[in-house]
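In what follows, a structure is listed as structure tokens, so that the remarks can point back to it.
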Amino acid sequence: MDFQGKLSIIIPCYNEEKIINQAHKRVLSALEKLDVDFEIIYINDGSDDRTLEILQHLAKSKNEIKIISFSRNFGHQPAVSAGIKYCSGDVAIIIDADMQDPPELFPELLEKYQQENCNVVYCVRKKRIGENFFKKITAKLFYKMLKNYSDISIPQDTGDFRLIDRKVITEFKKLKEKNKFIRGLIFWLGFKQVPFYYTREKREAGETKYPLKKMISFALTGLTYFTNKPLYQLLKFGMIILSIGFIFLIFLLFINFSQILSDNQTSMILISAIIILSGINLISMGILGIYISNIFKELKSRPEFVVERTINIPEDKNI
């Protein structure tokens with residue numbers, strides 16, 4: 001493997017004081033074995049523990065260690081987006097601080113990138129160690145929903161762990177939406193993208209930053225920002241319900257004249273039908289509300305994130 005360019009490592013961090021030192025050692029060890037020009041960009045996503053303090057200490061040891069610190073917690077996707085926008089490498093690798101995605105794979109990712117002469121190497125989890133059944137089944141449902149409803153093809157079991165080259169970085173910076181679904185946007189950009197299969201390790205310390213509530217929000221962002229299919233599905237579903245409604249009306253008229261059912265039974269059927277239709281109506285309004293909310297967020301045109309300070313990043317690189 002003979003990579004001559006500069007490599008950027010993008011690491012979003014939120015309350016990772018328990019693991020950040022260990023993560024840094026592993027990342028630095030992997031990079032030093034490569035013998036390449038590199039930079040490590042840590043994005044402190046408004047941590048309220050000692051994460052920033054530890055990162056500041058690490059940044060004193062090498063100018064190649066760079067820090068972007070947000071004014072508050074903006075979320076994982078804005079943190080990754082900031083790393084991509086600030087990085088100066090010919091290629092960049094995005095990896096989380098929890099080390100579930102092993103930095104020891106950096107040489108293999110670079111080798112794959114050179115062998116395939118591609119623009120993106122996206123990492124596919126062939127096995128997930130240390131994740132419970134509920135986490136695995138919800139992740140599977142998440143990717144299945146994306147596959148069925150999204151307008152772009154997002155491979156199953158891919159995360160943000162990937163290598164992207166300067167062409168992709170340059171085009172990514174041009175994207176204006178604020179509520180980004182990064183893995184989807186990178187696939188949307190196109191170029192040559194190839195998979196790399198690996199085993200995802202268990203988290204060594206700390207807690208997951210994607211509990212169920214955030215996973216649902218993340219899934220909704222992925223769906224509503226990449227497709228209008230849910231709206232068309234609602235239209236189809238509405239036509240089906242309308243047809244059922246007419247059939248039900250004919251049925252009620254029939255039993256009313258034939259007196260097959262008692263008045264109480266007829267009332268129960270009507271009440272059940274009203275409850276079902278009300279539920280469907282609320283779901284429909286909710287989906288429409290999400291789309292309208294997304295439009296509202298974009299129209300406000302607030303920045304995706306606010307940087308409080310940077311360390312070891314030249315003034316002319318600030319955005």
Side-chain angles (χ1 to χ4, degrees), residues 1-13 20 22-43 55 58-68 79-97 99-124 155 158-175 182-183 185-200 310-319:
M1 197 275 292
D2 185 28
F3 179 71
Q4 299 298 324
K6 182 177 181 179
L7 174 61
S8 298
I9 306 298
I10 298 168
I11 309 177
C13 307
I20 197 66
Q22 182 184 351
H24 180 71
K25 288 177 183 177
R26 288 179 63 182
V27 168
L28 199 59
S29 176
L31 290 171
E32 287 174 346
K33 288 177 183 177
L34 280 171
D35 190 27
V36 296
D37 185 18
F38 69 85
E39 64 178 1
I40 306 173
I41 303 177
Y42 288 102
I43 304 93
L55 291 176
L58 293 174
K60 291 178 182 177
S61 62
K62 282 180 178 287
N63 287 331
E64 292 85 357
I65 301 168
K66 302 178 180 183
I67 313 297
I68 302 165
V80 174
S81 183
I84 295 173
K85 289 181 178 179
Y86 274 85
C87 75
S88 60
D90 299 292
V91 298
I93 295 176
I94 304 162
I95 187 170
D96 287 341
M99 295 292 102
Q100 286 186 275
D101 304 321
E104 290 77 14
L105 295 177
F106 290 170
E108 295 178 56
L109 291 176
L110 280 170
E111 186 176 7
K112 186 81 168 176
Y113 166 69
Q114 292 182 301
Q115 285 178 347
E116 298 285 347
N117 191 26
C118 60
N119 305 101
V120 178
V121 180
Y122 60 90
C123 299
V124 183
T158 58
D160 291 318
F161 183 35
R162 63 189 61 221
L163 179 151
I164 56 177
D165 73 357
R166 178 48 58 179
K167 283 184 180 179
V168 176
I169 292 167
T170 299
E171 294 304 319
F172 183 89
K173 289 180 179 181
K174 297 177 184 178
L175 301 174
I182 290 171
R183 67 196 68 169
L185 285 172
I186 290 175
F187 277 109
W188 179 87
L189 286 172
F191 300 108
K192 185 177 180 181
Q193 308 198 20
V194 298
F196 176 85
Y197 297 90
Y198 76 109
T199 297
R200 196 175 202 222
T310 61
I311 301 173
N312 291 340
I313 295 177
E315 288 296 323
D316 61 344
K317 294 293 182 183
N318 280 269
I319 54 176

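The analysis underlying the following values was restricted to heavy atoms, covering all of them including side chains, and did not include hydrogens, waters or symmetry mates.
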Taking 4.0 angstrom as the limit, do Asp160 and Arg183 come out as a salt bridge?
yes
Glu32: which residues meet the side chain to side chain donor-acceptor pair (under 3.5 Å) condition with it, sequence neighbours left out?
none
Going by the rule side chain to side chain contact (heavy atoms under 4.5 Å, CB included), which residues pair with Gln115 if we only count those two or more places apart in sequence or in a different chain?
Glu111
Passing candidate, side chain to side chain contact (heavy atoms under 4.5 Å, CB included) with Leu163, options Val168, Val194, Ile93
Ile93
Can you measure from CD1 (Ile43) to OG (Ser81) and round to the nearest 0.5 angstrom?
9.5 Å
Glu104 meets the salt bridge (charged side-chain N to carboxylate O under 4.0 Å, His left out) criterion, sequence neighbours left out, with Arg26
Are more than 12 heavy atoms, taken from residues, nucleotides or ligands other than Lys173, located less than 6.0 Å from that residue's NZ atom?
yes
Results of side chain to side chain contact (heavy atoms under 4.5 Å, CB included) for Lys174 - residues two or more places apart only
Thr170, Glu171
Taking ring-ring contact (aromatic ring centres under 6.0 Å, His included) as the test, write out the residues that go with Tyr122, two or more places apart.
Phe187
Asp101 meets the salt bridge (charged side-chain N to carboxylate O under 4.0 Å, His left out) criterion, sequence neighbours left out, with Arg200
Suppose we screen for side chain to side chain contact (heavy atoms under 4.5 Å, CB included). Which residues come up paired with Lys25, at least two apart in sequence or across chains?
none
So, the side chain of Asp90 versus the backbone of Lys6: is there a donor-acceptor pair under 3.5 Å, distance only?
yes
Any side-chain to backbone donor/acceptor pair from Glu116 onto Lys192? Under 3.5 Å, distance only.
no
Is Lys33 atom NZ crowded by more than 12 heavy atoms from other residues, nucleotides or ligands, each under 6.0 Å away?
no
Are Tyr113 and Cys118 close enough that some pair of their side-chain heavy atoms sits under 4.5 Å apart?
yes
Donor-acceptor contact below 3.5 Å, side chain Arg162 vs main chain Ile94:
no
Where do Pro103 and Ala30 come nearest, in terms of heavy atoms and distance?
O-CB, 3.4 Å
Donor-acceptor contacts under 3.5 Å from residues 61-68 side chains, at least two apart:
{"unit_1": "Ser61", "atom_1": "OG", "unit_2": "Leu58", "atom_2": "O", "d": "2.6"}
{"unit_1": "Lys66", "atom_1": "NZ", "unit_2": "Glu39", "atom_2": "OE1", "d": "2.7"}

What residues form a side chain to side chain donor-acceptor pair (under 3.5 Å) with Lys112, not counting sequence neighbours?
none
Could you give me the CA-CA distance, side-chain angles and deciding distance for Phe191 and Asp165, then say whether side chain to side chain contact (heavy atoms under 4.5 Å, CB included) is met?
CA-CA 10 Å; Phe191 300 108; Asp165 73 357; over 6 Å; no
